[in-house]
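Computation of the quantities below employed the complete heavy-atom set of this structure, encompassing side-chain atoms and omitting hydrogens, waters and symmetry-equivalent molecules. Numbering of residues begins at 1 and proceeds along the displayed sequence.
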Amino acid sequence: MAEVIPSRPELLDRWRGIQEEEEEDDGNDPSKRHRINQHKEAWFVDASNFLISLPKQNHVWCGSWDIMEPQLEIFYNYFKDERNDSPLKLLWKRISKEMQSCVQCISQHHQAQEMYGLEYDLGTVGHLLNVLQSLDEERVTQHLRQINARLARQEYNPQSDYNEVVAVMYEVLMFPILLDDQSLFTEFEIFIEAVDNMHELALAGHQQFPGVYSLFFFNRRVRSIGRRLATTVGKLRRATDLEPLQPLLKKFVGFLETEVLPSTVKTSRPRAQLERLPIWLGITSLLEFLEPPALEEGILERYPIFFDIVLNYVSGDSPEFSHAVICLRELFKMLGRHVYEVFWHLFIQPFFNSLEALQDGEHEKQRRNFLYFLIHQVPVSNNFSVLTTKLACKLTAVAFLQDCVFQIALLIVHRGYRMNPPCPPFECAHMWGPSLVSCLKDSSLHSSLRQPAFDLFQTIIVSDAAALITSILNSPRHFSADSIISINDDEDDQKIPFSSDIEEKDNSSWSEFSAQSKIASQEYRGWMCIPLLWIDVLVDIDPSVLPVSLSKAVFWARSQFSFLEPEITAELALHIKTWLSSSATEISSTFGWKVPSGCDDGGGGKVSKNSMEVSTMCLPLIRTFKRSVILLWNCYPFIYYFGPVFYRLTAHFIVQIGQGELRKQWTFEPRMSESLILLLVDPNDVSMSMQ
């Protein structure tokens, strides 16, 4: 006698009864619990028989999802079932076959699993979900292998195979957690490349496919496919849009932090293993397709360590350095309100301490890109307009944020000068020079924001003077015998005048000048000066807005040229602008700031027109430098007497000390006497010649 299979309405009615019994069970009656379990087991058997016996045209998940959904519970012990012809194995075989070509079946199958995860305690259903995940990974992997084999044998039939290709593409792109499986990841990479070669992939309709963004973590070819598809889909706007990607993101962020790829599922199947480079490339690409709310809530708040990870990689010398810098740049574009809260603590100090790696061509390119972004793109970006709206009347906060952006740019430039060996961004001086001048001129800025500009210009003055004097001492052919005190002209004997072995133990300004001059003088052969900076600051800025510390740097720098030809009184009588137009024609091409045309200005050997190499124009640069600093001197009473007539007015200098003029301006430092003595030297006095 044939077994009677219950009808669909009967099964649904019985299941509702079982649910009511479970709701009424208070757990105090073991016999009642046993009876409920018996009813459930009988129902599972009848439901399996019903689903397996459905006509082939009636898909299980499409037409009977309300029976199949509770039936998932029996898969808890799937891997313990050793019979290949058991109802459980037969049911899985059937729904696997149907999901090979039916998108609706796939959707119902995954939605049912999501429901289990939301409505039941993870401790209760966790194992079941892991089993289903493993089964899905194995199912989709086998399907991809079958399709890839057909594609490799050129047996793909668009008419008969189209639905299968669409189905597997849909499942992976809608449920990217599947890509955590190593075999599936590999097969899908082969699959999507092959399919795109035959038909340029495109997504129809307005449905979002979160797996599109997971393609960013594949090889270059697949990554380009992902970017093309993501462009048509659009950006992810909310944190909830990122939810399907969170298991993978958690894994990748964890790997960047610990160098170990954590597993997202308890399974014996090998997990996808990626190296750091594709993860960085994937993350930087993903950031481009996130709206600020999705970035803040979906990544920054969910993974607070992410900021630190980016900064740590920026500070290192790993091959992924440039990608970390690009990632940081993308973060700057969208931080909005968040950046105002954390900018100072997270970026300024950590970032300028992290640029030791900017030494080869690729890193210099990234530095140019980042400087251009900070100085020329951030201030005009829409995000600052959005931020202004958010902060309403707190416009000072917006201004502070913009100033912080300029500050970090200047700190990056400063680090280039202070590195040993130094690596200043001479090639893109027109990118940052005008911003430096603006910061120095703007007395309304808070001192904490203006100080980096003072520090940078002070370092530039000291470094330029050191490079110029070292260059001239090693190239006496630039001068006549009467214009410089004679030196040993052995060309093999390189002269580094600031390479004293005296140990620096104090923290005075003169010790800082000495230390910086040693660094710059060793690299004098490739050093470049930016004359327009000297003119814009020392000539055009009112000295009253400049700190005394900067005048000390100028004083030190000017004293280093005492051995060279003295100023001509007639020239000193000329207005500085007149003198520049008549006596500095050799370097006039550097006057006038070039307008930046792009983020890689200065790359490819095309150095900024505002920079000039010391080795080619040493004497004109020295004369311009000396002529510029004299104007600043004249603004300090005691320094005035050491200007054009300092050779003869030492007595008056002592008088000024006695009258307190010096004390009013500076705190006297012991090593200041070195500069004072140098200023007393008359370069025309042959008795001072060094043999």
Given Tyr524 and Leu468, is the side-chain contact (heavy atoms from CB on, under 4.5 Å) satisfied, shown in steps? CA-CA 7 Å; Tyr524 74 91; Leu468 286 167; over 6 Å; no

Give a yes or no on whether the backbone of [Y] and the side-chain of [X] come within a donor-acceptor separation of less than 3.5 Å.
X      : Y      : result
His376 : Pro596 : no
Ser521 : Ser517 : yes
Arg450 : Leu440 : yes

Supply the atom-to-atom distance [X] [atom1] to [Y] [atom2], rounded to the nearest 0.5 angstrom.
X      : Y      : atom1 : atom2 : value
Lys606 : Asp601 : NZ    : CG    : 9.5 Å
Lys594 : Asn610 : NZ    : CG    : 8.5 Å
Leu295 : Leu300 : CG    : CG    : 4.0 Å
Ile530 : Trp593 : CD1   : CH2   : 6.0 Å
Leu532 : Lys609 : CG    : NZ    : 8.0 Å
Ile460 : Trp534 : CD1   : CH2   : 10.5 Å

Please give me the minimum heavy-atom distance between [X] and [Y], naming the atom from each residue.
X      : Y      : answer
Thr284 : Cys327 : CG2-CB, 3.4 Å
Ala520 : Ala466 : CB-CB, 4.3 Å
Ser549 : Phe513 : O-CZ, 4.4 Å
Phe426 : Ser611 : O-OG, 2.7 Å
Ala453 : Leu436 : O-CD1, 3.5 Å
Glu613 : Arg525 : OE2-O, 3.7 Å

Apply side-chain contact (heavy atoms from CB on, under 4.5 Å) to Val607 and Met528, showing your working. CA-CA 10 Å; Val607 177; Met528 303 188 80; 3.7 Å; yes

With sequence neighbours left out, what residues match [X] under side chain to side chain contact (heavy atoms under 4.5 Å, CB included)?
X      : result
Lys441 : Val437, Ile541
Pro422 : Pro424, Ile519, Glu523, Trp527
Leu277 : Leu281, Glu320, His323
Asp455 : His414, Gln451

Pair Cys428, Tyr372 - check side-chain contact (heavy atoms from CB on, under 4.5 Å), show working. CA-CA 9 Å; Cys428 60; Tyr372 183 80; over 6 Å; no

Partner set under side-chain hydrogen bond (donor to acceptor under 3.5 Å, both in side chains) for [X], not counting sequence neighbours:
X      : value
Trp432 : none
Tyr417 : none
Gln516 : Arg418, Ser463

With a 4.5 Å heavy-atom cut-off, do Lys552 and Trp510 have their side chains touching? yes

Heavy-atom check, side chain of Ile299 versus side chain of Leu287, under 4.5 Å: yes

Pairwise salt bridge (charged side-chain N to carboxylate O under 4.0 Å, His left out) hits with a residue in residues 420-434, at least two apart: Arg368-Glu427

Kindly indicate, with the supporting measurements, whether the criterion side-chain contact (heavy atoms from CB on, under 4.5 Å) is fulfilled by Phe306 and Ile283. CA-CA 11 Å; Phe306 184 65; Ile283 289 178; 3.7 Å; yes

